Amino acid sequence: MINVLSKLPNLSNSIFSTMTALANECGAVNLSQGFPDFDCSPRLIDLAQFHMKKGHNQYAPMPGVLQLREKIVEMVEKQQGAVYHPEREITITAGATQAIFTAIASIIRPDDEVICFDPCYDSYAPAIDLCGGMVKTVSLLPNDFSINWDDVKKLFSHKTKLIIVNTPHNPTSATLTDFDMNQLIKLTQGTDIFIISDEVYDKVVFDGKKHISVASYPDLRERSFVISSFGKMFHITGWKVGYCLAPEKLTAEFRKVHQYLVFSVNTPVQYALADFLADEDEYLSLNKFFQEKRDFFSNALRTTPFEVLPASGSYFLLANYEKISEKSDLDFTKELTIRHGVATIPLSVFYKTRLDKHYIRFCFAKKHETLEKAVEKLVHIKQV
Ligand code: PMP
Ligand code: GLN
């Protein structure tokens, strides 16, 4: 029998796969894994088909189809006022997950320390572990999941190599502000510390607020990999196309890894996205589109014993269930799926410490009728 010494001994299937499988098994309304249950624009599908028929079916250039890189750079300049060179400072990736892994692999060596926030998205730590890096976590503040920058400063050491930020934030829906960016500038000025800024929900910010990107701050831009994803932007999580913006020196290192990890990304889809980006209403309308869903769902949840937290961006919201059950959040999400027919994600899985304060995450990127169906089930849940 071969003996396998796992490089990631503490990992099993992700909670997203687990809860989606359980939802399917039980016929539950699936508000767990973050993906829309409505389709993307038919025009985008026509464009992909058009480019397949046109013969765009062989390898794309390693950094991505130039037309797409040019369109993204134009969009970023318009939205964030940040200028990136389409040939030397952007790479098209197989989703944000690959971009995050590639950026980490291109800079992290054994014993380098990486500052992450607790809770955070689940793909960061395994990538750091695989490179031999050490995850150092700073807890987000309990009331609104904002950052205490003094806590970040306390974690700094001569080994600190990278800070990973995420705005809008999955799973808490918190967003970073101009104040946060200035704190980040103060902390990193004069150092060789890199930043990965995971901005996959950059088009989904609510209540008239503007997305604040590290790209807009020259002092941060020079040390940052800014990562986003078309999965979230155009309701195509299954197409797995994203991108990484970074200054030339960082992009050069990023591409050394990218070249041997995937080499290049789905060609016809890149051409289709380049054409589709010409109509900026396709992404400018997203804030309103998702805000209506957030408002409908959070107002409905407020008529139940769940205590809903404010959500300022992304397509998730958190709710506390202490008035309903004393179970662990993992057990509670299982019970909610099996007994009440609504699947969600327990918040503790996003914490390195597995901190459980009885919160669950709902994904509201769903058809109106799906959200209504979930509400019909949730309103019957009684306070204990
Ligand atoms: N970062 C965050 C914060 C996410 O929520 C997700 C999941 N959509 C990703 C990265 C991965 O994105 P992609 O599906 O494009 O790999
Ligand atoms: N980003 C999605 C979420 O947070 C899940 C992506 C995945 O399943 N890996 O639900």
Side-chain angles (χ1 to χ4, degrees), residues 13-39 119 122 142-145 169-174 201 204 206-207 235 237 288-351 354-384:
N13 266 357
S14 93
I15 188 74
F16 309 118
S17 318
T18 307
M19 292 311 292
T20 287
L22 187 63
N24 292 340
E25 205 180 292
C26 304
V29 182
N30 189 2
L31 306 187
S32 63
Q33 195 174 21
F35 65 87
D37 71 341
F38 42 87
D39 212 351
D122 71 338
N143 46 347
D144 60 357
F145 300 101
H169 188 260
N170 178 8
T172 69
S173 309
Y201 301 100
V204 190
F206 304 129
D207 306 315
H235 321 310
T237 60
K288 182 169 176 284
F289 176 76
F290 280 119
Q291 186 167 322
E292 279 168 12
K293 292 190 183 294
R294 178 203 64 171
D295 289 347
F296 168 75
F297 191 64
S298 54
N299 288 337
L301 263 193
R302 285 195 181 96
T303 67
T304 73
F306 285 101
E307 191 198 318
V308 186
L309 295 193
S312 50
S314 84
Y315 45 51
F316 304 110
L317 62 81
L318 294 179
N320 185 286
Y321 62 84
E322 259 160 9
K323 289 186 186 155
I324 302 167
S325 170
E326 286 178 346
K327 289 198 165 147
S328 72
D329 62 1
L330 206 59
D331 286 344
F332 182 71
T333 51
K334 283 187 185 146
E335 180 180 286
L336 196 60
T337 313
I338 296 165
R339 274 192 50 204
H340 299 284
V342 181
T344 58
I345 300 283
L347 184 61
S348 64
V349 300
F350 297 94
Y351 281 93
R354 296 290 178 259
L355 177 71
D356 179 0
K357 291 180 87 179
H358 296 167
Y359 284 100
I360 57 176
R361 189 195 79 175
F362 289 91
C363 171
F364 55 81
K366 305 292 167 184
K367 289 178 208 151
H368 190 72
E369 68 241 42
T370 308
L371 296 176
E372 271 182 334
K373 230 193 219 172
V375 170
E376 269 168 34
K377 293 174 188 289
L378 295 168
V379 290
H380 296 299
I381 297 177
K382 299 267 177 297
Q383 182 166 343
V384 284

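Owing to the predicted nature of the structure, the values given are computational and were not obtained by experimental measurement.
- Sorted by first and then second residue, the ring pair (Phe, Tyr, Trp, His ring centres under 6.0 Å) pairs involving residues 364-384 (not counting sequence neighbours) are F296-H368.
- Across all their heavy atoms, T303 and A300 have their closest contact at OG1-O, 2.6 Å.
- With F206 as the aromatic partner, K288 does not meet the cation-pi criteria of under 6.0 angstrom to the ring centre and within 45 degrees of the ring axis.
- Side-chain rings of F332 and H358 stay apart, their centers remaining 6.0 Å or farther from each other.
- Partner of R361 under the side chain to side chain contact (heavy atoms under 4.5 Å, CB included) criterion, out of I15, V349, N170: N170 alone.
- Taking the centre of each ring, Y359 and Y351 stay at or above the 6.0 Å mark.
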Where do F297 and V308 land on the side chain to side chain contact (heavy atoms under 4.5 Å, CB included) test, with the steps shown first? CA-CA 10 Å; F297 191 64; V308 186; over 6 Å; no
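- Proximity of F316 to I345: side-chain heavy atoms (C-beta onward) are nowhere separated by under 4.5 Å.
- Judged by distance alone, the side chains of S312 and D207 never bring a donor and an acceptor atom under 3.5 Å apart.
- Closest heavy-atom contact between D329 and D356: N-OD2, 2.9 Å.
- Looking at I324 and T304, their side chains never come closer than 4.5 Å, going by heavy atoms from C-beta outward.
- For the pair T333 and M19, the tightest heavy-atom approach, listed with the atom from each and the gap, is O-CE, 3.8 Å.
- Aromatic ring orientation, F16 versus F350: tilted (interplanar angle from 30° to 60°).
- Between T237 and G34 the shortest heavy-atom distance is CG2-O, 4.1 Å.
- Remark: side-chain polar atoms of H169 are paired, donor with acceptor, to backbone N or O of P119 under 3.5 angstrom.
- Side-chain contact between K293 and Y315 is absent, with no heavy atoms from C-beta onward closer than 4.5 Å.
- Put simply, the side chain of K334 reaches to within 4.5 Å of the side chain of L22, judged on heavy atoms.
- Taking the six-membered ring where tryptophan is involved, the planes of F289 and H235 are tilted, since the angle between them lies from 30° to 60°.
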